[in-house]
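Accompanying notes for the structure given below.
All ligand and atom numbering here is 1-based and tracks the order in the structure.
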Amino acid sequence: MKVVHNFNAGPCVLSKEVIDASIEALKDFAGTGMPVICVSHRSKEWQAIMDETEALWKELMNIPDGYKVLFLGGGASLQFMMVAMNFLNKKGAYLKTGVWAKKALKEAEGIAKQYGGEAVCVASSEDTTFNYIPKGYTIPADADYFHITTNNTIYGTEIREDFDCPIPLIADMSSDIMSRPVDVSKYTMIYGGAQKNVGPAGVTFVIVKEDALGKFERYIPTMLDYRTHVEGSSMFNTPPVFSIYVMYETLKWVKRMGGVAAIEKINIEKSDMLYNEIDRNSMFVGTVKNKEDRSRMNHCWVMAPGHEDLEAEFMDYAKKCGMVGIKGHRSVGGFRASLYNACTLDDVKALVKCMQDFEAAHK
Ligand SMILES: *Cc1c(COP(=O)(O)O)cnc(C)c1O
């Protein structure tokens, strides 16, 4: 099989151990003689996977009592609407740090228009293509919640501090979940698509504080009401079984790696290695304005002034070296390497070497 270094932004690399175990489960799931996608989701074998998956989340993320972990369909994008549907009574406050944050705000505006209330943007970095995290803003004390996107996948910025928020804090952690230990108690809800750090596409995780639900009267369609899924333990209807199964294997892998704190250490090493090269290499320059805002997951850079004409050439060269998925998002251009949990130190070393060799060939 072709050897590649997969830096895709999502769906993205998963550990080979996870893939192999999932293939096994597709052949014979838990000794049932059936593929995992062919057993009843009401069977005791499947129930055990649901229970263990939630238990692994609680253990790995150190989730306090009073929170439920849900596994839903619809992607993080459906959560943009569900958050507003379930929590926006009078006012939803949003930090606009990128395209995903903007989409979340748009859904809240729609819900507010339909049911009353308003959605407000507290601060934005859109003026400079979201290349920094706004600071020094005031969170409105009268809002129902404050929504943030902790990692801005397209622009390579990240909020890594679990700050004290005077109102319920809701975070889209699609692209940095389980990359570092999180103080879950500071959040009312954390959600994200699994396909960046905790599995394949098709399942969305929601960590929600149970007593924060149902605070005001509104008819919420059954499938959009978090309480439905809390009561049904994510099995109100047929859950996305295979995606959950691969997530289960991914969490077991995280545990074998030593847990989230151990993963964070490796993530720091990988990320520092790449940023050091971006900063050192005369051919390239990073796109994030302040170093403290730099994401450890998504690393964005462009050709340095004077070398812009070599962009296509570097891309070709990187491809030849086995690099996959390093083209920057069309709204930013240049390059982006996503160093999610399953991306290895060796992958990053190969990318750094490729950047160094390219520089040497053009000096
Ligand atoms: C990828 C991504 C999304 C969209 O997730 P879907 O599951 O495709 O809807 C939302 N937010 C962030 C931060 C992302 O990185």
Side-chain angles (χ1 to χ4, degrees), residues 6-14 69-85 92 94-108 110 124-126 129-134 145-160 162 169-180 182 187 189-207 223-224 229 234 239-240 242-244 246-247 250 267 271 288 293-300 325 327-332 336-343:
N6 185 349
F7 298 102
N8 273 321
C12 60
V13 62
L14 290 170
V69 188
L70 306 176
F71 310 115
L72 309 178
S77 299
L78 182 63
Q79 294 309 308
F80 298 161
M81 181 268 252
M82 279 177 72
V83 162
M85 196 73 179
Y94 284 75
L95 189 63
K96 210 203 282 179
T97 51
V99 154
W100 299 117
K102 224 172 134 168
K103 288 184 176 173
L105 174 58
K106 178 173 175 275
E107 293 304 299
S124 168
S125 48
E126 194 168 13
T129 327
F130 301 113
N131 70 348
Y132 69 99
I133 300 283
Y145 61 88
F146 182 44
H147 180 282
I148 60 171
T149 312
T150 51
N151 187 65
N152 299 282
T153 323
I154 294 173
Y155 317 92
T157 63
E158 188 176 14
I159 302 167
R160 268 193 300 272
D162 304 312
L169 183 60
I170 296 180
D172 174 358
M173 291 198 187
S174 292
S175 53
D176 62 351
I177 190 75
M178 288 211 191
S179 67
R180 64 167 181 98
V182 167
Y187 300 83
M189 190 178 127
I190 295 170
Y191 69 89
Q195 67 272 21
K196 283 138 191 169
N197 249 346
V198 288
V203 59
T204 309
F205 62 88
V206 172
I207 305 168
M223 280 296 285
L224 303 182
H229 303 292
S234 306
F242 191 59
S243 296
I244 293 175
V246 182
M247 174 192 273
T250 306
N267 284 339
S271 182
V288 174
D293 292 341
R294 280 176 161 182
S295 166
R296 276 186 200 141
M297 295 286 100
N298 315 97
H299 303 65
C300 298
K327 194 171 171 50
H329 190 270
R330 60 189 180 280
S331 62
V332 184
R336 168 177 58 173
S338 300
L339 314 189
Y340 295 121
N341 288 353
C343 162

Is the shortest distance from a Lys or Arg side-chain nitrogen in E158 or R296 to a carboxylate oxygen in the other one below 4.0 Å?
-> no
Flag side-chain contact, heavy atom, 4.5 Å: N267 against M297 = yes
Top protein contact for atom 15 (O) of ligand 1, by heavy-atom distance | T153 OG1, 2.4 Å
Using a heavy-atom cut-off of under 4.0 Å, does the side chain or the backbone of Y191 touch ligand 1, or both, or neither?
-> neither
Ligand-residue contact atoms, ligand 1 with N151, heavy atoms, under 4.0 Å = 13 (C)
Could you tell me whether some N/O pair between T149 and ligand 1 is separated by less than 3.5 angstrom?
-> no
Identify, for atom 2 (C) of ligand 1, the protein heavy atom at the shortest distance, and state residue, atom and that distance.
-> K196 NZ, 2.4 Å
Heavy atom under 4.0 Å from ligand 1: found in S77's side chain, backbone, both, or neither?
-> both
Pair Y94 + Y145: ring centers closer than 6.0 Å | yes
Parallel, tilted or perpendicular, as decided by the 30° and 60° cut-offs, for the rings of F80 and Y191 | perpendicular
F80 heavy atoms, cut-off 4.0 Å: which ligand 1 atoms fall inside?
-> 10 (C)
Check the side chains of T150 and D176 for a donor-acceptor pair under 3.5 angstrom, ignoring hydrogens and angles.
-> yes
Just checking, is any N or O donor in the side chain of N8 or Y340 under 3.5 Å from an acceptor N or O on the other one?
-> no
So is A76 polar-close to ligand 1, meaning N/O to N/O under 3.5 Å?
-> yes
To which protein heavy atom is atom 11 (N) of ligand 1 closest, and what is the distance rounded to 0.1 Å?
-> D172 OD2, 2.6 Å
Gap separating the CG atom of L95 from the CG atom of D172, nearest 0.5 angstrom | 12.0 Å
Heavy atoms only: give me the nearest A84-E107 pair and the separation to one decimal.
-> CB-O, 4.5 Å
Which residue and non-hydrogen atom of the protein lie closest to atom 8 (O) of ligand 1, and at what distance in Å?
-> Q195 NE2, 3.3 Å
Which of the numbered atoms in ligand 1 are below 4.0 angstrom from a heavy atom of G75?
-> 7 (O), 9 (O)
